[in-house]
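Atoms considered below: every heavy atom in the structure, side chains included; atoms not considered: hydrogens, waters and symmetry mates. All chains are named by letter (A, B, ...) in the order of the sequence lines, taking the proteins before the strands, and each is independently numbered beginning at 1.
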There are 2 protein chains.
Amino acid sequence: MATLPPSTLPEFPASPSEAGGPAFSPLYQQIKGLILRSLQAGEWKPGEAIPSEVDLAARFRVSQGTVRKAIDELAAENLLVRRQGKGTFVATHAEEKIQYRFLRLMPDDGEASPVERKFIDCRRLRAPAEVARALELKSGDAALQIRRLLYFRGQPVVFDDIWLHGMLFKGLTAERLSDYRGPMYGLFETEFGVRMIRAEEKLRAVSADATAAGLLNLAEGAPLLSVERLSLTYGDKPVELRRGLYNTAAHFYRNEVS
Amino acid sequence: MATLPPSTLPEFPASPSEAGGPAFSPLYQQIKGLILRSLQAGEWKPGEAIPSEVDLAARFRVSQGTVRKAIDELAAENLLVRRQGKGTFVATHAEEKIQYRFLRLMPDDGEASPVERKFIDCRRLRAPAEVARALELKSGDAALQIRRLLYFRGQPVVFDDIWLHGMLFKGLTAERLSDYRGPMYGLFETEFGVRMIRAEEKLRAVSADATAAGLLNLAEGAPLLSVERLSLTYGDKPVELRRGLYNTAAHFYRNEVS
DNA sequence: ACGCATTTGTTCGTATGTATT
DNA sequence: TAATACATACGAACAAATGCG
């Protein structure tokens with residue numbers, strides 16, 4: 001592609017504006033798409049370096065600046081991580097320094113403490129309607145339910161009820177979950193090749209039911225922050241639906257708007 | 001500045017690495033700083049266009065690409081808005097099409113409805129300790145307290161308790177608040193020259209007290225989403241502390257993580 | 001309706017700086 | 001020190017969107 005000067009783009013205007021999309025996209029967007037495809041295909045694994053900008057430029061027959069702009073966007077979306085002098089790396093959940101990339105819970109007093117996990121159960125069931133809809137499963141398809149607690153300084157603070165796309169996580173058991181050190185999304189990545197790249201969350205305040213109250217050492221009816229998270233992989237394909245109940249008595253959910 | 005080739009930068013390495021900072025910054029960062037200063041000084045008002053890239057390049061004696069990169073970052077931070085063929089504009093809260101830029105509340109059923117406001121009171125008091133600390137006031141300094149309700153489809157959903165930096169908002173009254181059409185941050189912008197560019201939020205689940213329950217038509221003890229927002233203007237100077245109590249029975253707070 | 005000027009957006013090429021190994 | 005990789009900066013040309021005459 002693009003062996004000719006840029007003015008000749010698009011070489012094949014594809015289907016006109018019929019398919020809804022803009023029938024044309026700038027060269028760097030096309031390159032971005034190609035890199036994305038390689039990421040999705042697993043050509044470069046999480047944590048690994050992708051080829052250098054000049055290599056990619058040669059491979060795609062475009063200038064380094066064009067590759068650079070494509071990578072810029074992928075880095076802005078947290079799919080790639082640039083490190084000057086070293087290279088550009090595929091983002092990963094498996095080697096996050098301190099904490100979970102998606103967890104925005106902070107203690108009221110600055111000190112971020114390490115968290116401990118405790119798995120309550122891990123079962124394979126038929127997806128309930130709501131879960132099936134969110135994960136784009138056919139009703140009756142298999143889903144995996146995981147429930148667990150997160151502890152901060154010995155106190156249970158988060159109760160997670162997690163539903164996973166059944167087909168993608170064949171062979172996931174409570175043992176493998178418990179044995180794995182590090183964030184769950186790291187395990188998904190390394191053991192199942194499923195990479196969470198983005199998540200949409202819906203936050204609400206709810207009252208603790210008997211189960212949640214018991215697990216979190218609270219009175220029934222105590223207010224809890226409900227965080228419903230839909231996690232997406234490449235192509236915005238949903239692979240996990242999770243409802244977390246957070247005890248925000250001594251922690252808060254941090255966010256920044258602009 | 002930068003009348004010489006880039007290799008001569010920094011012209012004056014300032015204090016070495018003693019002051020903590022990196023003692024040097026790339027040219028485009030310096031340009032960004034200069035544009036920022038002009039924004040802060042009000043050289044271009046919210047909603048207005050800033051000079052074209054070539055004009056700015058001439059003014060700062062750098063290439064267009066360097067100006068471009070500076071503007072890119074300012075646009076990424078939502079301080080500027082680029083519009084192809086028209087120019088680059090100073091971001092504003094005053095002409096947001098549909099809704100409040102900082103409000104992330106969505107109805108459970110897609111339809112985003114227009115919101116109505118009702119102001120409860122607007123008083124000038126001495127800042128309580130917590131407010132003074134957050135707004136970096138001396139204890140005893142004047143602060144402005146505003147309380148109001150937001151209605152969605154006729155139902156009260158949000159109860160806001162707002163504290164403003166006293167000196168910056170002299171002459172703000174309940175009347176002016178009620179009379180102004182559009183978001184409050186728009187009024188701050190046009191009437192007081194105070195521009196909110198960023199906010200940090202802390203979310204918690206709490207129980208409705210008698211006041212909140214009464215105002216939001218809820219039973220006392222009902223769970224509410226508490227959104228504590230610290231709004232910042234240029235230079236990360238805090239100018240507003242706000243606690244919103246959201247009834248999330250039919251709405252949720254939308255967030256995206258990546 | 002058409003063309004023109006203006007402005008941002010894209011792409012190339014080249015050179016040099018900075019960080020890492 | 002040298003090689004490699006990303007980062008910065010310049011310049012030039014053309015594309016696409018907008019608004020005006």
*Asks:* Take the protein atom CD1 of B:I31 and the nucleotide atom P of D:dA7, then report the distance between them rounded to whole Å.
*Replies:*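 Nearest whole value for this atom pair: 20 Å.
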*Asks:* Is a side-chain N or O of B:R198 found less than 3.5 angstrom from the main chain of B:E77, in a donor-acceptor match?
*Replies:*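 A pair under 3.5 Å: no.
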*Asks:* What residues from residues 41-55 of chain A pass a heavy-atom cutoff of under 4.0 Å to DNA chain D?
*Replies:*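 Those residues are A:S52, A:E53.
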*Asks:* If the test is side chain to side chain contact (heavy atoms under 4.5 Å, CB included), which one of A:I35, A:L56, A:V67, A:T88 qualifies with A:P51?
*Replies:*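 Option passing the side chain to side chain contact (heavy atoms under 4.5 Å, CB included) with A:P51: A:L56.
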*Asks:* What is the distance from CG of A:D72 to P of D:dC6, rounded to the nearest Å?
*Replies:*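 Nearest whole value for this atom pair: 12 Å.
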*Asks:* Figure out the CD/C1' separation between B:Q64 and D:dA9, and round it to whole Å.
*Replies:*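 So the two atoms are 13 Å apart, to the nearest Å.
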*Asks:* Please report the distance, rounded to the nearest Å, between NZ in A:K32 and P in C:dT10.
*Replies:*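 Taking atom P of C:dT10 as the reference, NZ of A:K32 is at 11 Å.
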*Asks:* Is a side-chain N or O of A:R229 found less than 3.5 angstrom from the main chain of A:F102, in a donor-acceptor match?
*Replies:*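 Yes, the answer is positive, given that a donor and an acceptor are paired below the 3.5 Å cut-off.
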*Asks:* Ignoring hydrogens and angles, tell me if any N or O in the side chain of B:Q30 forms a donor-acceptor pair with the backbone of B:S25 under 3.5 Å.
*Replies:*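 Between the backbone of B:S25 and the side chain of B:Q30 there is a qualifying donor-acceptor contact (under 3.5 Å).
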*Asks:* When you measure from the side chain of B:R195 to the backbone of B:A91, do you find a donor-acceptor pair of N or O atoms at a distance under 3.5 Å?
*Replies:*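 Flag not set: sc B:R195 to bb B:A91 has no pair under 3.5 Å.
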*Asks:* What is the distance from CZ of A:F60 to P of C:dC12, rounded to the nearest Å?
*Replies:*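 So the CZ-P distance, A:F60 to C:dC12, works out to 13 Å.
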*Asks:* Calculate the interatomic distance between B:R68 atom CZ and C:dT7 atom P; express it in whole Å.
*Replies:*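 Those two atoms, CZ and P, are 14 Å apart.
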*Asks:* Looking only at the side chain of B:V62 (C-beta and beyond, no hydrogens), which of the listed nucleotides C:dG13, D:dC10, D:dC6 gets closest?
*Replies:*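 When the side chain of B:V62 is considered, D:dC10 is the closest of C:dG13, D:dC10, D:dC6.
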*Asks:* Can you see if the side chain of A:K69 gets near the phosphate of C:dT10 - specifically, an N or O under 4.0 Å from OP1 or OP2?
*Replies:*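 For C:dT10, OP1/OP2 do have a side-chain N/O of A:K69 under 4.0 Å.
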*Asks:* Using a heavy-atom distance cut-off of less than 4.0 Å, which residues of residues 73-90 of chain A contact DNA chain C?
*Replies:*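 Those residues are A:Q84, A:G85, A:K86.
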*Asks:* Can you check whether B:Y100 reaches B:V115 side chain to side chain, under 4.5 Å on heavy atoms?
*Replies:*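 Side chain of B:Y100 against side chain of B:V115, heavy atoms only: contact under 4.5 Å found.
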*Asks:* Return the set of residues passing salt bridge (Lys or Arg N to Asp or Glu O under 4.0 Å) with B:E189 (not counting sequence neighbours), or none when no residue passes.
*Replies:*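 Testing B:E189 for salt bridge (Lys or Arg N to Asp or Glu O under 4.0 Å), a comparison that skips the adjacent residues, returns none.
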*Asks:* Is B:Q29 reaching over with its side chain to a backbone N or O of B:P26, donor-acceptor style, under 3.5 angstrom?
*Replies:*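 Checking the backbone N and O of B:P26 against the side chain of B:Q29, no donor-acceptor pair under 3.5 Å is found.
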*Asks:* Checking B:S231 side chain against B:V239 main chain: does a donor-acceptor pair fall under 3.5 Å?
*Replies:*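 Not at all, since once roles are kept as given, no pair shorter than 3.5 Å links the two residues.
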*Asks:* Given D:dA9, C:dT10, D:dT8, which nucleotide is nearest the side-chain atoms of B:L27?
*Replies:*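 Of D:dA9, C:dT10, D:dT8, D:dA9 is nearest to the side chain of B:L27.
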